[in-house]
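The structure appears right after this line, and notes come after that.
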Amino acid sequence: MNPILNTALKAARKAGSMMTRASNNLSNIKIDSKAFNDFVSDIDRESERILIETLKEAYPHHKITTEETGAHGNAKAEYEWIIDPLDGTTNYLHGHPQYAVSMALLHKGQLQEALVFAPERNDLYMASRGQGALLNDRRIRVSSRIDLNQCLIGTGFPVVDQSMMDDYLNILRAFLERTAGARREGAASLDLCALACGRFDGFFEFNLKPWDVAAGALIAKEAGAIITDMQGEQTWLETGNIVAANPKVLAQMLHIIGTHLK
């Protein structure tokens, strides 16, 4: 493991240990609402503090952008961390074990390193640009299915910003009619990791934030996925509209999405 990922892992495991301890007393956790269906807890804030503190100690000149407190450090730094301290907050607060720490490092705007750690399952996904992707030190690869009728698709509901809800429901209906099924598990970083190791054959979602997708996307790409926006372009990190799959399945997904997207 390279030193950068080793530092990220140290931070993620420390935050994960805190989460699992706190999960034994969920009723005592303070919860605030940032917006409709968008929650933040003391656990999100404490995880973020742990991650920032560990990264700043090792890399004081790096910029750090997090979900809860925004940007830290030099705005013009060549290296930037994009962090979701608790992806799947709603799951976590309901005792559902689908949540993770998500950390990605960009160099001059290009994704270089990624780590997603699911503490409840002790699953560690990692990737370095050009070096493939790993789950618990085992190399992973996207599925080889090419028939959409046999594919299981991951997705996420646009529940915070519902401006795309009608389009989304039309697209979801079309996928349900033409695939083996769809799953909504509530943590985009883990959805992209599920794609990376072949548990999903495709993934799509609207209106995500960079910290939702940066780490999972690099892991999926290093496992062989192609990632685009809804028009097949490369604006997904900026727009938060993302489609991901192996090349054959991606083309079929983009066709269905394009047919039903207003």
Side-chain angles (χ1 to χ4, degrees), residues 1-16 51 54-66 77-85 87 100-119 121-146 154 187-203 208 210-229 233-238 242-250:
M1 189 187 306
N2 68 49
I4 290 176
L5 281 178
N6 195 46
T7 299
L9 177 56
K10 175 183 175 182
R13 286 202 181 277
K14 187 174 180 181
L51 300 179
T54 305
L55 292 176
K56 278 187 173 182
E57 181 180 357
Y59 303 107
H61 302 298
H62 287 191
K63 179 182 177 182
I64 303 173
T65 300
T66 69
E78 290 187 0
Y79 288 93
E80 178 184 5
W81 291 91
I82 298 181
I83 293 171
D84 192 338
D87 185 22
V101 177
S102 176
M103 307 175 71
L105 179 65
L106 285 73
H107 181 235
K108 297 182 178 179
Q110 191 170 58
L111 286 165
Q112 295 292 328
E113 310 286 348
L115 179 149
V116 174
F117 177 54
R121 299 170 178 169
N122 200 32
D123 278 344
L124 174 63
Y125 301 86
M126 294 188 299
S128 296
R129 182 177 175 82
Q131 297 183 36
L134 302 173
L135 165 57
N136 298 331
D137 297 325
R138 176 176 53 84
R139 193 166 294 275
I140 53 176
R141 192 74 182 166
V142 296
S143 80
S144 59
R145 293 185 182 89
I146 59 174
S189 64
L190 289 175
D191 290 337
L192 286 161
C193 289
L195 172 69
C197 60
R199 296 170 187 164
F200 288 155
D201 303 295
F203 173 75
L208 291 168
W211 45 80
D212 294 320
V213 296
L218 181 59
I219 291 166
K221 288 177 73 172
E222 288 297 320
I226 305 296
I227 300 178
T228 73
D229 60 18
E233 305 295 336
Q234 290 297 309
T235 69
W236 51 270
L237 192 59
E238 295 78 25
I242 185 170
V243 190
N246 71 43
K248 294 286 188 180
V249 173
L250 181 76

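- Qualifying salt bridge (charged side-chain N to carboxylate O under 4.0 Å, His left out) partners for K63, counting only residues two or more places apart in sequence or in other chains: E80.
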Exercise for review: Would you sort out whether V243 and F203 count as a side-chain contact (heavy atoms from CB on, under 4.5 Å), showing the intermediate values?
Suggested key: CA-CA 6 Å; V243 190; F203 173 75; over 6 Å; no
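- Partners of N2 under the side-chain hydrogen bond (donor to acceptor under 3.5 Å, both in side chains) rule, at least two apart in sequence or in another chain, are E113, S128.
- The closest side-chain heavy-atom distance from W81 to I4 is below 4.5 Å.
- Here CG of L190 is found 8.5 Å from OG of S102. Values are rounded to the nearest 0.5 Å.
- Scanning for side chain to side chain contact (heavy atoms under 4.5 Å, CB included) contacts around E78 gives H107, K108, with sequence neighbours left out.
- With a 4.5 Å cut-off on side-chain heavy atoms, D229 and Q234 do not count as touching.
- How far CZ of R199 is from OG of S143: 13.0 Å, rounded to the nearest 0.5 Å.
- Side-chain N or O atoms of E222 include none that pairs as donor or acceptor with a backbone N or O of A133 at under 3.5 Å.
- Summarising the local packing, OH of Y79 is surrounded by 12 or fewer heavy atoms from other residues, nucleotides or ligands at distances under 6.0 Å.
- Between the OG1 atom in T54 and the NZ atom in K14 there is a gap of 5.0 Å [rounded to 0.5 Å].
- Of all non-hydrogen atoms in A215 and A114, the two that sit nearest each other are O-CB, 3.3 Å.
- Here the NZ-CG distance, from K221 to L192, works out to 11.5 Å after rounding to the nearest 0.5 Å.
- Contact check for T66 versus L51: no side-chain heavy atoms found under the 4.5 Å cut-off.
- Taking CG of L55 as the reference point, atom NZ of K10 lies at 10.5 Å (rounded to 0.5 Å).
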Practice item. Start with the C-alpha distance between N246 and R141, add both sets of side-chain angles, then the distance that settles side-chain hydrogen bond (donor to acceptor under 3.5 Å, both in side chains), and finish with yes or no. Key: CA-CA 10 Å; N246 71 43; R141 192 74 182 166; over 6 Å; no
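- By the side chain to side chain contact (heavy atoms under 4.5 Å, CB included) test, I226 pairs with T228, P247, L250, sequence neighbours left out.
- Nearest heavy-atom pair, C193 versus I219, reported as atom, atom and distance to 0.1 Å: SG-CD1, 3.9 Å.
- In terms of the side chain to side chain contact (heavy atoms under 4.5 Å, CB included) criterion, residue partners of A12 (sequence neighbours excluded) are, by chain and number, V101, M103, L115, F117.
- Proximity of I83 to W211: side-chain heavy atoms (C-beta onward) are nowhere separated by under 4.5 Å.
- Evaluation of the salt bridge (charged side-chain N to carboxylate O under 4.0 Å, His left out) rule for D201 yields R145 as partners, not counting sequence neighbours.
- Remark: Y125 OH to I140 CD1 distance equals 7.0 Å, nearest 0.5 Å.
- Between the side chains of D87 and S189, at least one donor N or O sits under 3.5 Å from an acceptor N or O.
- Test V213, I242, I227 against L237 for side chain to side chain contact (heavy atoms under 4.5 Å, CB included) and you get one pass: V213.
- Using a 3.5 Å distance cut-off with no hydrogens or angles, the side chains of W236 and E238 do not pair a donor with an acceptor.
- With hydrogens and angles disregarded, a donor-acceptor distance shorter than 3.5 Å links the side chain of N136 to the backbone of L124.
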